[in-house]
**Q** 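Below is one structure. I have some questions about it.
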Amino acid sequence: AALYARVSWVAAEGTAEGAPSIEGAFETADNTALRVTPPAAPAGVAGWNVYLGTASGQTMRQNSLPLALATPWILPATGVAAGRPPGEGQEPDLYKTVPRFLQRG
């Protein structure tokens, strides 16, 4: 079967999720399971999420809680779960505007 996967990092506090990786396409043979293992994590990361789909551009989150670093995720016998789609990355904590004043005189 053709499967499409993406991963994302989760910050230590568990609330901020980074932008997902580019999509990777994989072919699996009958009676085999897909295993996803994250690369070495950058500083400040506490976990990761895996997104999987059967069509390009339609990946869905497969884990309910962030996975521990260096822990692989294996596709269960039940197949691809219907989770939420990946986001666009961490939202800004705040916006800072630049004040503009017209000088008179």
Side-chain angles (χ1 to χ4, degrees):
L3 296 171
Y4 300 86
R6 298 175 85 177
V7 297
S8 65
W9 298 118
V10 179
E13 68 275 355
T15 57
E17 180 178 12
S21 66
I22 59 170
E23 189 175 85
F26 305 91
E27 290 283 333
T28 57
D30 291 340
N31 299 322
T32 62
L34 178 68
R35 178 181 173 158
V36 180
T37 304
V45 169
W48 66 289
N49 293 321
V50 62
Y51 295 87
L52 199 65
T54 55
S56 180
Q58 298 180 4
T59 57
M60 297 170 284
R61 188 168 162 182
Q62 300 300 297
N63 51 301
S64 57
L65 296 172
L67 301 166
L69 297 177
T71 301
W73 177 86
I74 300 172
L75 179 65
T78 55
V80 177
R84 68 167 175 82
E88 296 297 320
Q90 181 180 350
E91 294 292 322
D93 293 330
L94 62 99
Y95 291 96
K96 189 168 186 171
T97 59
V98 177
R100 297 183 184 207
F101 297 100
L102 293 176
Q103 294 185 359
R104 303 181 98 178

**Q** Return a table of donor-acceptor pairs under 3.5 angstrom between the side chains of residues 65-81 and protein atoms on other chains or two or more places apart.
**A**
{"from": "T71", "atom 1": "OG1", "to": "A68", "atom 2": "O", "distance (Å)": "3.3"}

**Q** List for me each residue that meets side chain to side chain contact (heavy atoms under 4.5 Å, CB included) alongside S64, sequence neighbours excluded, and say none if there are none.
**A**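 S64 satisfies side chain to side chain contact (heavy atoms under 4.5 Å, CB included) with no other residue.
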
**Q** Apart from Y51 itself, what residues make up its hydrophobic cluster, given side-chain heavy atom links below 4.5 Å?
**A**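 Hydrophobic cluster check, Y51: no partners found.
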
**Q** Going by the rule side chain to side chain contact (heavy atoms under 4.5 Å, CB included), which residues pair with Q58 if we only count those two or more places apart in sequence or in a different chain?
**A**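 Side chain to side chain contact (heavy atoms under 4.5 Å, CB included) list for Q58, sorted by chain: A55.
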
**Q** Quick check for you: to the nearest 0.5 Å, what is the distance between Y4 atom OH and L52 atom CG?
**A**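 The distance works out to 11.0 Å.
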
**Q** Determine the minimum heavy-atom distance between E23 and G57, stating which atoms define it.
**A**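 Closest heavy-atom pair between E23 and G57: OE2-N, 2.9 Å.
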
**Q** Does M60 offer a backbone N or O that forms a donor-acceptor pair with the side chain of Q62 under 3.5 Å?
**A**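 Looks like yes, one N/O pair under 3.5 Å.
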
**Q** Which residues pass the side-chain hydrogen bond (donor to acceptor under 3.5 Å, both in side chains) test with R6, not counting sequence neighbours?
**A**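 By the side-chain hydrogen bond (donor to acceptor under 3.5 Å, both in side chains) rule, R6 matches no residue at all.
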
**Q** Enumerate, atom names and distances included, each donor-acceptor pair closer than 3.5 Å involving a side-chain atom of residues 33-45, sequence neighbours excluded.
**A**
none

**Q** Between N63 and V50 (side chain of the first, backbone of the second, donor and acceptor by atom type, cut-off under 3.5 Å), is there such a pair?
**A**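 Flag set: sc N63 to bb V50 pair under 3.5 Å.
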
**Q** Taking all non-hydrogen atoms of both residues into account, name the closest pair between P20 and S8 and its distance.
**A**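 Here P20 and S8 meet closest at CA-CB, 4.0 Å.
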
